Peer 1: 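The following block contains the structure, expressed as structure tokens.
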There are 2 protein chains.
Amino acid sequence: MENTLIRQLFRETDKFASKDVKISGWIRTLRASNKFGFVEVNDGSFFKNIQVVFDASLDNFKEISKFAISSSISVEGELVLTEGGKQPFEIHAKKVVLEGKSDADYPLQKKRHTFEYLREIAHLRPRSNAFSAVFRVRSIAAYAVHKFFQDQNFVYAHTPIITGSDAEGAGEMFRVTTLDMKDVPRNEEGNIDTKKDFFGKETNLTVSGQLEGEIFALAFRNIYTFGPTFRAENSNTARHAAEFWMIEPELAFAELNDYLDNAEAMVRYVIKYVMEHAPEEMEFFNKFIDKGLFDRLNNVVNSEFGRVTYTEAVEILQKSGHKFDYPVEWGIDLQTEHERYLTEKIFGKPVFVTDYPKDIKAFYMRANEDGKTVAAADLLVPGVGELIGGSQREERLDVLEKRIEELGLEKEDYWWYLELRKYGETKHSGYGLGFERLIMYLTGMGNIRDVIPFPRTPGTAEF
Amino acid sequence: MENTLIRQLFRETDKFASKDVKISGWIRTLRASNKFGFVEVNDGSFFKNIQVVFDASLDNFKEISKFAISSSISVEGELVLTEGGKQPFEIHAKKVVLEGKSDADYPLQKKRHTFEYLREIAHLRPRSNAFSAVFRVRSIAAYAVHKFFQDQNFVYAHTPIITGSDAEGAGEMFRVTTLDMKDVPRNEEGNIDTKKDFFGKETNLTVSGQLEGEIFALAFRNIYTFGPTFRAENSNTARHAAEFWMIEPELAFAELNDYLDNAEAMVRYVIKYVMEHAPEEMEFFNKFIDKGLFDRLNNVVNSEFGRVTYTEAVEILQKSGHKFDYPVEWGIDLQTEHERYLTEKIFGKPVFVTDYPKDIKAFYMRANEDGKTVAAADLLVPGVGELIGGSQREERLDVLEKRIEELGLEKEDYWWYLELRKYGETKHSGYGLGFERLIMYLTGMGNIRDVIPFPRTPGTAEF
């Protein structure tokens with residue numbers, strides 16, 4: 001008999017009602033008396049379990065009654081609608097076969113476990129309710145991102161992971177090497193002989209694909225990246241990981257507002273897509289993880305994002321009367337407390353803060369006329385703070401070269417980035433979205449370690 | 001006036017015919033007389049250029065006539081249908097504005113360049129016909145892969161890039177470190193003090209996400225990965241890169257044939273999707289890169305893949321009478337010459353070779369009853385050779401443990417992989433598809449360096 005996915009039984013119940021079906025899956029719970037028993041089976045295709053009823057008419061009734069949690073079984077039986085029952089239907093088993101037994105010491109018994117404990121068994125936690133919901137939403141959200149951009153003919157660019165470029169400058173890097181670390185080869189000056197390394201030079205893990213993304217935008221007009229990025233920063237916070245996935249769209253013939261419009265539409269699209277395609281999982285988050293989740297997400301879907309300049313934002317914060325730990329004055333990098341106050345108390349919805357002081361932003365952001373600010377914008381969202389950062393890029397060769405010199409950077413390191421401005425520059429803008437931040441926002445999960453399958457943080461690279 | 005993408009003009013010509021439109025893009029060619037001129041403009045949204053006609057009635061006619069190749073311009077004018085013309089339509093310009101000039105030394109003039117030369121200007125090559133076609137097809141193929149799996153509710157799993165696991169064993173690895181390589185810290189025994197490294201242990205770049213993929217398959221049933229993988233192998237061939245993208249699907253409650261069915265459907269789906277969504281690009285490849293391309297791809301779409309056991313394949317090769325450089329006998333690892341002979345001469349279509357000798361395959365592949373072979377299968381395709389490798393996984397704890405011991409591996413290194421067999425094992429199977437190989441196959445491009453935006457090979461990590 002053909003196997004049916006439990007997802008199909010839930011989604012197309014009519015088709016299977018009162019018919020014999022066969023399922024395979026893992027036992028989530030089992031209780032039995034002398035005469036009959038109930039097994040809840042999950043096959044991974046669907047968030048919910050299906051209830052299987054079995055009774056003493058089965059040859060192996062006693063054996064079944066003792067199956068351990070997490071054993072894998074196959075079940076044949078009739079799908080019976082249970083009007084008024086807790087479940088919409090159940091399977092009345094005609095045959096139950098053990099596929100793979102589970103040891104009695106299975107660490108994920110029904111009782112609740114802390115998320116901290118579950119991180120230690122990251123090979124089993126996707127079988128728990130919470131993490132099966134998180135990682136299915138992660139998958140669906142990733143697809144929604146692709147779909148949003150592909151439907152508009154954006155080109156997906158795979159920017160390099162190993163980079164020989166010194167130009168990214170967005171944070172501490174991991175070195176990538178094949179040199180023998182026990183006996184590092186030296187050149188005549190006594191320095192590391194990087195010519196002997198695999199790539200003939202020093203290489204690191206990328207901190208951003210943006211600069212290469214600009215190459216693609218200046219060929220394909222509208223592009224996006226979606227890949228892993230790395231920061232070798234010793235920050236042990238709930239929002240930082242050493243390895244995370246980023247989405248970096250880049251739009252040519254586009255000013256700052258075009259990035260804002262695109263980012264706003266994208267965030268809204270992904271939220272709607274996930275709510276529609278993972279309703280059971282989202283219900284779970286709203287009920288058990290973050291009771292305000294649906295209100296928050298619906299608010300985002302239904303309201304226009306705010307837009308305020310940095311200068312206005314500083315005035316608003318100063319006039320608010322609120323006492324911040326870190327005092328607000330023009331020129332400071334906004335702290336999380338400021339960002340959250342703005343988005344949660346002042347606006348009560350997502351808000352773009354634009355036109356930051358140039359001294360706190362990267363060299364490639366486009367200088368505004370005022371000589372003090374750049375055409376940058378961050379998206380702040382309630383509950384999370386900064387979700388997106390981006391800018392219009394400096395497309396004017398002379399202005400960019402001057403800025404690189406001002407900051408003491410080497411023009412040679414940026415030769416190809418500068419050439420993009422030499423051969424048909426255009427206004428262009430782009431942004432970066434930390435995918436894990438988006439998943440935290442979508443699910444209400446509070447720790448980045450719990451939205452990545454196998455988190456890498458200082459001191460931790462298990463699995 | 002609103003900007004229109006050139007893609008829209010080609011795809012929805014009727015909507016814009018005889019109307020005024022505005023486009024922006026880069027000049028691909030320009031020729032002008034004293035009275036009028038023609039500019040071919042490409043805006044990156046579409047493979048083809050649009051022809052713009054301008055004449056002396058424009059104030060800046062003389063200036064336009066001298067615009068350099070690759071300058072970015074915006075054009076307003078009427079979209080005029082040109083019945084019987086080489087182009088289906090052109091724009092009669094009413095206004096042409098220079099957005100960004102290009103220097104006269106622009107390296108991508110109209111004349112043909114070698115692919116080798118274009119690799120050196122990887123920041124400009126996406127603006128050439130060939131590479132704009134390659135990288136758009138790459139983007140569309142990536143999306144087709146996602147769509148194929150997501151439409152069947154497979155869960156997309158982000159397996160880790162930095163791995164602390166010694167267990168992958170699929171090839172030479174790159175080390176990832178934050179230790180000071182000029183002065184590597186030592187422990188009391190004089191060895192590298194890996195406790196001082198970022199993750200407190202030795203870490204490397206992943207060579208495969210399969211083992212972690214199995215974790216997800218044993219929770220979600222059907223999953224796939226799609227991410228970068230790395231090999232620190234000093235192979236300077238047209239088919240090897242140090243950084244490449246892999247797709248690794250894994251199916252639970254699935255035997256070897258289930259993997260074959262899934263892989264066959266997937267390859268066919270991606271080919272059809274790309275032919276449908278990038279017809280101009282595919283036409284270009286068929287015409288200029290590989291004249292047999294359409295025949296080959298149509299053959300794949302329309303014929304069932306062959307399936308043959310390794311043992312049968314060896315017999316077929318031996319009986320073929322063909323003289324191979326490397327003699328064929330049972331037990332050898334098939335060489336490219338054998339693989340290509342099988343798929344090109346014997347079958348004339350893609351063929352799965354199954355049930356290889358266990359000694360030439362990985363420890364995790366499921367032992368067959370004969371004691372000599374394992375339930376592995378590789379997909380060989382005409383023109384490329386091996387496109388996919390995979391197997392049913394050994395799910396029997398005792399058999400797997402014995403195999404690990406036989407091979408002199410450490411069971412401790414595989415603790416979580418073994419636990420997957422302890423807590424509800426199921427038959428499961430999976431495979432790995434090198435994404436660049438697929439793109440080579442789809443486009444007819446002969447060198448892996450020309451299907452990755454920024455290739456990483458021994459001695460090369462530019463951009």
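Residue numbers begin at 1 in each chain, while the letters A, B, ... track the order of the sequences. If you're wondering where the values come from, they're calculated on a predicted model, not measured in any experiment.
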Peer 1: Under the salt bridge (Lys or Arg N to Asp or Glu O under 4.0 Å) criterion, do A:R221 and A:E250 qualify, and how do the steps go?
Peer 2: CA-CA 8 Å; A:R221 188 170 190 131; A:E250 193 76 30; over 6 Å; no
Peer 1: So for B:Y106, is it side chain, backbone, both, or neither that comes closer than 4.5 Å to the heavy atoms of chain A?
Peer 2: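 Contact with chain A is through both the backbone and side chain of B:Y106.
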Peer 1: Please flag which part of A:F131 lies under 4.5 Å from any non-hydrogen atom of chain B: side chain, backbone, both or neither.
Peer 2: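 For A:F131, backbone heavy atoms alone lie under 4.5 Å from chain B.
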Peer 1: Sort out for me which of B:F435, B:W245, B:F454 touches chain A most, counting heavy-atom pairs under 4.5 Å.
Peer 2: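 Most pairs with chain A among the choices: B:W245.
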Peer 1: Name the region of A:P126, side chain, backbone, both or neither, that has any atom closer than 4.5 Å to a heavy atom of chain B.
Peer 2: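 Both backbone and side chain of A:P126 come within 4.5 Å of chain B.
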Peer 1: Among B:W26, B:Y156, B:F226, which residue has the highest count of heavy-atom pairs closer than 4.5 Å to chain A?
Peer 2: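 Counting heavy-atom pairs under 4.5 Å, the top option is B:W26.
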Peer 1: What's the spacing between B:E425 CD and A:S72 OG if we round to 0.5 Å?
Peer 2: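 Here the rounded value is 6.5 Å.
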Peer 1: If I measure from the heavy atoms of chain A, does B:R396 come under 4.5 Å with its side chain, its backbone, both, or neither?
Peer 2: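 No part of B:R396 comes within 4.5 Å of chain A.
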Peer 1: A:L5 versus chain B, heavy atoms under 4.5 Å apart: side chain, backbone, both or neither?
Peer 2: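 When you check distances to chain B, only side chain atoms of A:L5 fall under 4.5 Å.
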Peer 1: Is it the case that the side chains of B:E212 and B:T225 hold a donor-acceptor pair, with the cut-off being a distance below 3.5 Å and no angle test?
Peer 2: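 No pair is found: no donor N or O on one side chain lies under 3.5 Å from an acceptor on the other.
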Peer 1: Take the angle between the ring planes of A:F463 and B:W415 and call it parallel below 30°, perpendicular above 60°, tilted in between.
Peer 2: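 Correct class here is tilted.
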Peer 1: Check B:I69, B:N42, B:L108 against B:R28 for a side-chain contact (heavy atoms from CB on, under 4.5 Å) and give me the one that passes.
Peer 2: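 Exactly one pass, corresponding to B:N42.
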Peer 1: Which of the residues B:N3, B:T203, B:N222 is involved in the greatest number of heavy-atom pairs with chain A at under 4.5 angstrom?
Peer 2: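 Looking at each of B:N3, B:T203, B:N222 in turn, B:N3 comes out on top.
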Peer 1: For A:A157, which atoms come within 4.5 Å of any heavy atom of chain B: side chain, backbone, both, or neither?
Peer 2: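 Neither the backbone nor the side chain of A:A157 comes within 4.5 Å of chain B.
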Peer 1: May I ask you to name which of A:F149, A:F230, A:F135, A:F174 has the most heavy-atom pairs under 4.5 Å with chain B?
Peer 2: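 The answer is A:F174.
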Peer 1: Please work out whether the ring planes of A:F220 and A:F216 are parallel, tilted or perpendicular, with thresholds of 30° and 60°.
Peer 2: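 Tilted, since the angle between the ring planes falls between 30° and 60°.
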Peer 1: Does any part of the side chain of A:E243, heavy atoms only, come nearer than 4.5 Å to the side chain of A:I452, both counted from C-beta?
Peer 2: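 No, too far: nothing below the 4.5 Å cut-off.
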Peer 1: Against chain B, label A:R125 side chain, backbone, both or neither, depending on which of its atoms sit under 4.5 Å from a heavy atom there.
Peer 2: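 Looking at A:R125, nothing touches chain B.
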Peer 1: A:K147 versus chain B, heavy atoms under 4.5 Å apart: side chain, backbone, both or neither?
Peer 2: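 Interface part for A:K147: both.
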Peer 1: Please classify the contact of B:E99 with chain A as side chain, backbone, both or neither, using a heavy-atom distance under 4.5 Å.
Peer 2: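 Interface part for B:E99: both.
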Peer 1: In terms of side-chain geometry, is the basic nitrogen of B:K195 or B:E202 positioned less than 4.0 Å from the acidic oxygen of its partner?
Peer 2: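 Salt bridge: no.
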Peer 1: Given a strict heavy-atom distance threshold of 4.5 Å, which part of B:F46 is in contact with chain A: side chain, backbone, both, or neither?
Peer 2: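 When you check distances to chain A, no heavy atom of B:F46 falls under 4.5 Å.
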Peer 1: For the candidates A:S74, A:S45, A:P107, which exhibits the highest count of non-hydrogen atom pairs separated by less than 4.5 Å from chain B?
Peer 2: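 Greatest number of close heavy-atom pairs with chain B: A:P107.
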Peer 1: With a 4.5 angstrom heavy-atom cut-off, is it the side chain or the backbone of A:R7 that approaches chain B, or both, or neither?
Peer 2: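 Interface part for A:R7: side chain.
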Peer 1: Does A:K427 pair with A:D258 as a salt bridge, N-O distance under 4.0 Å?
Peer 2: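 Answer for the salt bridge query: no.
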Peer 1: Chain A heavy atoms under 4.5 Å from B:L179: which part of the residue, side chain, backbone, both or neither?
Peer 2: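 For B:L179, the contact with chain A is made by the side chain alone.
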Peer 1: Is it the side chain or the backbone of A:T177 that comes within 4.5 Å of chain B heavy atoms, both, or neither?
Peer 2: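 Its backbone and side chain both get close to chain B.
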Peer 1: Would you check if there is a donor-acceptor pair between the side chains of A:T178 and B:R175 at a distance under 3.5 Å?
Peer 2: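 On atom types as modelled, these side chains do not qualify, holding no pair under 3.5 Å.
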Peer 1: So for A:T460, is it side chain, backbone, both, or neither that comes closer than 4.5 Å to the heavy atoms of chain B?
Peer 2: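 A:T460 touches chain B through backbone heavy atoms alone.
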Peer 1: To the nearest 0.5 angstrom, please state how far the CD1 atom of B:I73 sits from the OG1 atom of A:T426.
Peer 2: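 It is 12.5 Å, given to the nearest 0.5 Å.
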Peer 1: Select one option (side chain, backbone, both, neither) describing which atoms of A:A122 are under 4.5 Å from chain B's heavy atoms.
Peer 2: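 Contact with chain B: backbone only.
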Peer 1: Please rank B:D105, B:I140, B:N234 by heavy-atom pairs under 4.5 Å with chain A and give me the top one.
Peer 2: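 Ranked by heavy-atom pairs under 4.5 Å with chain A, first place is B:D105.
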Peer 1: Can we say B:R231 and B:E172 salt-bridge, meaning some charged N sits less than 4.0 Å from an Asp/Glu carboxylate O?
Peer 2: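 No salt bridge links B:R231 with B:E172.
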Peer 1: Side chain, backbone, both or neither: which part of A:K101 has an atom under 4.5 Å from a heavy atom of chain B?
Peer 2: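 Just its backbone gets close to chain B.
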Peer 1: Checking heavy atoms, do the side chain of A:F253, its backbone, both or neither come under 4.5 Å from chain B?
Peer 2: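 Side chain only.
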Peer 1: Could you pull out all residues at least two apart from B:E214 that satisfy side-chain hydrogen bond (donor to acceptor under 3.5 Å, both in side chains)?
Peer 2: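 Only B:Q210, B:Y417, B:R421, B:H428 meet the side-chain hydrogen bond (donor to acceptor under 3.5 Å, both in side chains) criterion with B:E214.
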Peer 1: Describe, in one word, how the ring planes of B:Y143 and A:H146 are oriented to each other, choosing from parallel (under 30°), tilted (30 to 60°) and perpendicular (over 60°).
Peer 2: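 Plane angle between 30° and 60°, so tilted.
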Peer 1: State the CZ-CD1 distance between B:R11 and B:I6, to the nearest 0.5 angstrom.
Peer 2: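 If I round to the nearest 0.5 Å, the distance is 13.0 Å.
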Peer 1: In terms of heavy-atom pairs under 4.5 Å, which option from A:G25, A:P455, A:S139 contacts chain B the most?
Peer 2: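 Top option by heavy-atom pairs under 4.5 Å: A:S139.
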Peer 1: Mind ranking B:I192, B:I162, B:V184, B:I215 by heavy-atom pairs under 4.5 Å with chain A and telling me who comes out on top?
Peer 2: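 When all of B:I192, B:I162, B:V184, B:I215 are compared, B:I162 has the most.
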Peer 1: Can you say whether A:V155 sits under 4.5 Å from chain B via the side chain, the backbone, both, or neither, judging by heavy atoms?
Peer 2: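 Both backbone and side chain.
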Peer 1: Could you look at A:R186 and say if it's the side chain, the backbone, both or neither that has a heavy atom under 4.5 Å from chain B?
Peer 2: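 The side chain, not the backbone.
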Peer 1: If I measure from the heavy atoms of chain A, does B:T457 come under 4.5 Å with its side chain, its backbone, both, or neither?
Peer 2: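 Answer is backbone: N, CA, C or O of B:T457 sit under 4.5 Å from chain A.
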Peer 1: So which of A:S24, A:P453, A:G200 has the biggest tally of heavy-atom pairs under 4.5 Å with chain B?
Peer 2: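 Winner by heavy-atom pair count: A:S24.
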Peer 1: What distance separates B:L218 CG from B:E419 CD, expressed to the nearest 0.5 Å?
Peer 2: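 Taking CG in B:L218 and CD in B:E419, the distance rounds to 12.5 Å.
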Peer 1: When only pairs under 4.5 Å are counted, which of B:S71, B:A142, B:S132 shares the most heavy-atom pairs with chain A?
Peer 2: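 Most pairs with chain A among the choices: B:S132.
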Peer 1: To the nearest 0.5 Å, what is the distance between CD1 (A:I121) and CD (A:E462)?
Peer 2: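 Result: 14.0 Å between the selected atoms.
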